[in-house]
Amino acid sequence: MSTAPVVEIHDLTISYHKKPVLWDVDLRLPAGKLMGIIGPNGAGKSTLLKAIMGLIPLDSGYVQLFGEALSKVRKQVSYIPQRESVDWNFPASVHDVVLMGRYGELGLFRRPSQTDKAFAMECLAQVGMEALADRQIGQLSGGQQQRVFLARALAQRATLYLMDEPFAGIDAATEKIIIQLLKTMAQQGKSVIVVHHDLQTARDYFEWVILLNMRLIGAGPAQDMLTTTLLQETYGSQLTLLSHVSELLHTEQRYARESHT
């Protein structure tokens, strides 16, 4: 596998209404990993994904994917926004939504072939949603909608997947299905970057972690990043950190015991 970074960010600064949201971020992310972006509310996690996707202007710096500008590799990149940002009243079936993932290869004026339609059904099967292919997307539960969005991303046959809070507001069964699929994708050489808010599951879910709070606190293997010291630096004086740190200390101790057995 190539050692070139899948994402390279240099001197990235972004502000909204002259208020900095991300400040002087330098980051290189390896290919073929399942990676989590972790930090408190307002830390700039979603902003970082949008910057990678070219959805917001940069005050300074640059972003490269696979060593190229996004415009040259856009077909290799799939982006799943937060579920709350989507108009679910759009009159489309589940199968039609997944089929939209093929349009990047087809172009706007080519009709999907039977092969494309069959592949869309395969992607739905991977997320356990093939039985609801004809259902209107707005009639689904939040967890089901998230599965359909993931199926649409799979239909793109991308190399890099960016996901903004894919586990927010979904049931435990859906979360288990999604994380297992993401782990399988990484094992197959795909690169997956996920904005995540649950510290309790972060060590189990991610091989690589990016700690962010307007500036980059650290990025590296999960066991190196999810330490009490770095989490305190990331979350500061937020009261919720106290319970998180207690849980992480317990996890660290268990991880240390397992490493020596």
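Along the sequence shown, residues carry numbers from 1. These numbers come from a predicted model, not from an experiment.
One finds the CD atom of Gln223 at 7.0 Å from the CZ atom of Arg203 (value rounded to the nearest 0.5 Å). Here the SG-CD distance, from Cys123 to Gln126, works out to 5.5 Å after rounding to the nearest 0.5 Å. Considering CZ of Arg152 and CE of Met100, their distance stands at 7.0 Å, rounded to 0.5 Å. Taken from CG in Leu12 to CG in Leu48, the straight-line distance is 7.0 Å, to the nearest 0.5 Å. To the nearest 0.5 Å, the span separating CH2 on Trp208 from CG on Asp224 amounts to 8.5 Å. One finds the CG atom of Asp24 at 12.0 Å from the CE atom of Met214 (value rounded to the nearest 0.5 Å).
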**Item:** side chain to side chain contact (heavy atoms under 4.5 Å, CB included) evaluation trace for Ile210 with Leu216
**Value:** CA-CA 8 Å; Ile210 301 104; Leu216 181 68; 3.6 Å; yes
**Message:** The test is side chain to side chain contact (heavy atoms under 4.5 Å, CB included); show your working for Val77 and Thr159 and say whether it passes.
**Reply:** CA-CA 6 Å; Val77 185; Thr159 306; over 6 Å; no
**Request:** Before giving the answer on side chain to side chain contact (heavy atoms under 4.5 Å, CB included), spell out for Val63 and Glu8 the whole-Å C-alpha distance, their side-chain angles and the decisive distance to 0.1 Å.
**Result:** CA-CA 6 Å; Val63 177; Glu8 183 168 6; over 6 Å; no
**Item:** Derivation of the side chain to side chain contact (heavy atoms under 4.5 Å, CB included) call for Met53 and Leu49
**Value:** CA-CA 6 Å; Met53 284 302 301; Leu49 281 198; 5.8 Å; no
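Hydrophobic clustering (side-chain heavy atoms under 4.5 Å, transitive across Ile, Leu, Val, Met, Phe, Trp, Tyr) keeps Tyr16 apart from Trp23. Clustering ILVMFWY residues whenever any of their side-chain heavy atoms sit less than 4.5 angstrom apart, transitively, puts Leu22 in a cluster other than the one holding Ile38. Taken together through direct or relayed side-chain contacts under 4.5 Å among Ile, Leu, Val, Met, Phe, Trp and Tyr, Leu162 and Ile14 form part of one hydrophobic cluster. Hydrophobic cluster membership is shared by Leu154 and Val194, with clusters built from Ile, Leu, Val, Met, Phe, Trp and Tyr side chains linked at under 4.5 angstrom.
The backbone N or O of Leu34 sits nowhere less than 3.5 Å from a side-chain atom of Lys190 that would complete a donor-acceptor pair. Using modelled atom types, one side-chain atom of Ser60 and one backbone atom of Asp11 make a donor-acceptor pair closer than 3.5 Å. A side-chain donor-acceptor contact under 3.5 Å links Gln136 to the backbone of Gly138.
The shortest heavy-atom contact between Val97 and Ala92 is CG2-CB, 4.0 Å. When all heavy atoms of Asp134 and Ser93 are compared, the closest pair comes out as O-CB, 4.0 Å. Heavy-atom minimum distance, Val6 versus Ala31: CB-CA, 4.0 Å. Contact between Ala151 and Val127 at its shortest, heavy atoms only, is CB-CG2, 3.9 Å. In terms of heavy-atom proximity, Ser191 sits nearest to Gly32 at OG-N, 2.8 Å. The two residues Ile80 and Leu150 come nearest to each other via the heavy atoms CD1-CA, 3.9 Å.
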Compile the donor-acceptor pairs under 3.5 Å between side chains in residues 172-185 and protein atoms, sequence neighbours left out, one pair per line.
{"unit_1": "Thr174", "atom_1": "OG1", "unit_2": "Arg147", "atom_2": "NE", "d": "3.1"}
{"unit_1": "Thr174", "atom_1": "OG1", "unit_2": "Arg147", "atom_2": "NH2", "d": "3.0"}
{"unit_1": "Thr174", "atom_1": "OG1", "unit_2": "Asp171", "atom_2": "OD1", "d": "2.9"}
{"unit_1": "Thr174", "atom_1": "OG1", "unit_2": "Asp171", "atom_2": "OD2", "d": "3.2"}
{"unit_1": "Glu175", "atom_1": "OE2", "unit_2": "Tyr205", "atom_2": "OH", "d": "2.7"}
{"unit_1": "Lys183", "atom_1": "NZ", "unit_2": "Asp204", "atom_2": "O", "d": "3.0"}
{"unit_1": "Thr184", "atom_1": "OG1", "unit_2": "Gln180", "atom_2": "O", "d": "3.0"}

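Side-chain contact check for Met163 versus Val192: some heavy-atom pair is nearer than 4.5 Å. Proximity of Thr13 to Val25: side-chain heavy atoms (C-beta onward) are nowhere separated by under 4.5 Å. In this structure, Gln146 and Phe167 have side chains that are not in contact, with every pair of non-hydrogen atoms separated by 4.5 Å or more. You'll find the side chain of Ile170 stays beyond 4.5 Å of the side chain of Gln144, heavy atoms only. By the 4.5 Å heavy-atom criterion applied to side chains, Leu226 and Val209 are counted as neighbours. At least one side-chain heavy atom of Thr47 sits less than 4.5 Å from a side-chain heavy atom of Ile56. When side chains are defined from C-beta on, Phe149 counts as touching Pro81, because their heavy atoms get closer than 4.5 Å. A heavy-atom distance below 4.5 Å is found between the side chains of Met35 and Pro30.
Listed by chain and residue number, Gln82, Asp164 satisfy the side-chain contact (heavy atoms from CB on, under 4.5 Å) test with Ser46 (two or more places apart in sequence, or in another chain). For Arg135, the side-chain contact (heavy atoms from CB on, under 4.5 Å) partners at least two apart in sequence or on another chain are Val94, Leu132, Gln139, Leu140. In terms of the side-chain contact (heavy atoms from CB on, under 4.5 Å) criterion, residue partners of Val7 (sequence neighbours excluded) are, by chain and number, Ile9, Leu29, Ile52, Leu65, Leu160, Ile193. The side-chain contact (heavy atoms from CB on, under 4.5 Å) search around Leu230 returns Leu211, Ile217, Met225, Thr227, Glu233, not counting sequence neighbours.
Listed by first and then second residue, the ring-ring contact (aromatic ring centres under 6.0 Å, His included) pairs that reach into residues 43-76 are His10-Tyr62, sequence neighbours excluded.
For Arg74 and Tyr79, the positive end is not near the middle of the six-membered ring at less than 6.0 Å and at most 45° from its axis.
Counting only N and O atoms by type, the side chains of His196 and Glu165 include no donor and acceptor under 3.5 Å apart. There is no side-chain donor-acceptor pair under 3.5 Å between Thr234 and Asn213.
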